[in-house]
Amino acid sequence: MPLALLALAVGAFGIGTTEFVIMGLLPEVADDLHVSIPTAGHLVSAYALGVVIGAPLLAAVTARLSRRTVLIGLMALFVAGNVLSAFAANYDYLLAARFLSGLPHGAFFGVGAVVATTMVAPERKARSVSLMFLGLTVANVVGVPAATLMGQHLGWRATFLGVSVIGLVAIASLALLIPHDHAHAPKVGLRGELAALRSLPVWLALGTTVAGFGALFSAYSYITPMLTDAAGFADGSVTLLLALFGVGATAGNLMGGRLADRSLRGTLFGGLTSLAVVLALFPLLMTTEWTAALAVVLLGTAAFVTGSPLQLMVMEKASAGPSLASSANQAAFNLANAGGAWIGGLALAAGFGATSPALAGAVLAVLGLGVAATAATVDRHRAVPGRERVVAAHVPEQAPALQP
């Protein structure tokens, strides 16, 4: 695999760290800025809103620029957002800075995934995407806990300065390692990128992302009360258990990349089925501590097996203009985050019990299977030629594959 994938993974590590670290620092931020914790929680929403708006917007605005330039520019915007967060004078400024930090998130992953797949042989596309996403999953295991500890001991502003340094390292890595094949503007342009979004298979792939990852976030958003109220863990144990989720997500991400290179659709169906089963078993698994810990690992594994296949599916359905659709898929991930948390909250509010968000997630996973099955049916009716992997027949601006 090309070393350039390491540069993409470093950027993903920084983005993943800044996205999730705020959740562990809400008490410190609220106390320092003299706001309530629920009010400080809006900082999470501001970042997510930035992702949803920025992913398609920045991908569209930069469609005529070289992808190498775009990636470096997006990382520079990420650094600026985190530096402004570190020096925010009050809550309103921090809210705006968090929104700014979220803007480049989706476009970076979207454009980065396109770049990753053009640097490897066709049979290794899914693995290349999974290696870029590896930075995001490792951030949950290493980056977020380390950054949280830094914020608790040195102040929350130090955390955002530390993340800014990671962003600068990523910029240097991208400048040094991304091949100059990507220093030229794509031939497609904005019109071609927008045309790709008019495809029904692209929207079915995006719908599968929303339903599939909505299933994850329906349960994961309320994993703490499940672990403490249902499984009986002490509050202090939750951080370690969330690290176990990151371990499972990392394993699932790598597994999904390898399996998807053999069968893209088979891996997607298998991952969604596994996710539905794991979530349906949550009421049983949350009855003892060791099975609850196992459930957390299995949840991360089953969910992230589908990450690379979903990203690659969207890109290959929009093969004539993949950057915008790939970035839109990142917006779909964040819509799944918000929508899944809302649906899980409805189950809790209805009084169905601490593990009810997981059962709601199981229903969403089945819905994702239904959307994926519909997409497969549409493909069969269109009689798309080629292998079962649904590989794009031709990508105009693709660089020659580099052999590992």
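- Of the inter-residue distances, the one linking L227 atom CG with T355 atom OG1 reads 11.5 Å to the nearest 0.5 angstrom.
- Side chain of Y222 to backbone of G344: no donor-acceptor contact under 3.5 angstrom is found.
- Between M286 and A292, the shortest heavy-atom distance links the atoms SD-CB, 3.7 Å.
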Passes side chain to side chain contact (heavy atoms under 4.5 Å, CB included), S327 versus V111? Steps please.
CA-CA 7 Å; S327 299; V111 176; 4.3 Å; yes

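- Nearest heavy atom pair, residue V366 against residue A276, reads CG2-CB, 4.2 Å.
- The shortest distance between side-chain heavy atoms of L241 and L244 falls below 4.5 Å.
- Ionic pairing of R127 and D261 is present here: one or more N-O contacts between side-chain nitrogen and carboxylate oxygen are shorter than 4.0 angstrom.
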Could you go through residues 89-96 and list every donor-acceptor pair under 3.5 Å that involves a side-chain atom there, pairing it with any protein atom two or more places apart or in another chain?
from: N90; atom 1: OD1; to: D92; atom 2: N; distance (Å): 3.1
from: N90; atom 1: OD1; to: Y93; atom 2: N; distance (Å): 3.0
from: Y91; atom 1: OH; to: T39; atom 2: O; distance (Å): 2.7

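- For residues 142-153, the set of pairs meeting the side chain to side chain donor-acceptor pair (under 3.5 Å) definition, not counting sequence neighbours, is empty.
- Going from atom CG of L254 over to atom CG of L131 covers 6.5 Å, rounded to the nearest 0.5 Å.
- Residue V314 comes nearest to S326 through the heavy atom pair CG1-N, 4.2 Å, listed as atom of the first residue, atom of the second, then distance.
- For F282, there are no ring-ring contact (aromatic ring centres under 6.0 Å, His included) partners at least two apart in sequence or on another chain.
- A donor-acceptor pair under 3.5 Å is formed between the side chain of T267 and the backbone N or O of L259.
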Which is it for K125 and E316 under the side chain to side chain contact (heavy atoms under 4.5 Å, CB included) test, yes or no, and what are the steps along the way?
CA-CA 10 Å; K125 283 186 176 183; E316 292 186 341; 3.9 Å; yes

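- Panel note: side chain T62, backbone L65; no donor-acceptor pair is recorded below 3.5 Å.
- Residues N334 and V51 share a closest heavy-atom pair of ND2-CG1, 3.0 Å.
- Looking at Q311, its side chain never comes within 3.5 Å of a backbone N or O of A113 through a donor-acceptor pair.
- Rounding to the nearest 0.5 Å places CD1 of I53 at 8.5 Å from CG of L57.
- At least one side-chain heavy atom of R265 sits less than 4.5 Å from a side-chain heavy atom of M313.
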All N/O donor-acceptor pairs, side-chain side in residues 300-309, below 3.5 Å, sequence neighbours left out:
from: T301; atom 1: OG1; to: G248; atom 2: O; distance (Å): 3.1
from: T301; atom 1: OG1; to: V297; atom 2: O; distance (Å): 2.9
from: T306; atom 1: OG1; to: A303; atom 2: O; distance (Å): 2.6
from: S308; atom 1: OG; to: S130; atom 2: N; distance (Å): 3.4

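- Considering only residues two or more places apart in sequence or on other chains, F133 meets the ring-ring contact (aromatic ring centres under 6.0 Å, His included) condition with F109.
- Contact annotation: the side chain of V115 never approaches that of R68 to less than 4.5 Å [non-hydrogen atoms, C-beta and beyond].
- In this structure, OG in S356 is found 4.5 Å from CG in L348, a value given to the nearest 0.5 Å.
- The two residues L74 and P104 come nearest to each other via the heavy atoms O-CB, 3.3 Å.
- Of the possible polar contacts, none joining the S263 side chain to the A260 backbone as a donor-acceptor pair under 3.5 Å is found.
- Residues T18 and Y47 meet the side-chain proximity criterion, which asks for heavy atoms closer than 4.5 Å.
- N337 contributes no side-chain N or O that, together with a main-chain N or O of F333, makes up a donor-acceptor pair within less than 3.5 Å.
- Between L58 and L77, some side-chain heavy-atom pair lies under the 4.5 Å cut-off.
- In this structure, the side chains of R98 and H42 stay at 4.5 Å or more apart for every pair of heavy atoms.
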Show your reasoning for whether side chain to side chain contact (heavy atoms under 4.5 Å, CB included) applies to M132 and N253.
CA-CA 10 Å; M132 181 187 68; N253 174 55; over 6 Å; no

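- Residue L335 holds its CG atom at 10.0 Å from CG of L206, rounded to the nearest 0.5 Å.
- Side-chain polar atoms of T377 and T374 form no donor-acceptor pair below 3.5 angstrom.
- Using a 4.5 Å heavy-atom cutoff, the side chains of L71 and F108 are in contact.
- Note that CZ of F13 and OG1 of T137 are 10.5 Å apart. Values are rounded to the nearest 0.5 Å.
- Ring geometry for W156 against F160 counts as perpendicular: the plane angle is over 60°, on a 0 to 90° scale with 30° as the lower cut.
- Listed by first then second residue, pairs satisfying side chain to side chain donor-acceptor pair (under 3.5 Å) with a partner in residues 196-211 read T209-N329, not counting sequence neighbours.
- Here the closest non-hydrogen pair linking L324 and P56 is CD1-O, 3.3 Å.
- Side chains of F87 and V83 form a contact here, defined as non-hydrogen atoms less than 4.5 Å apart.
- With hydrogens and angles ignored, the 3.5 Å screen pairs a side-chain donor or acceptor of S218 with a backbone N or O of P357.
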Going through the distances and angles, do V363 and L359 end up as a side chain to side chain contact (heavy atoms under 4.5 Å, CB included)?
CA-CA 7 Å; V363 175; L359 297 178; over 6 Å; no

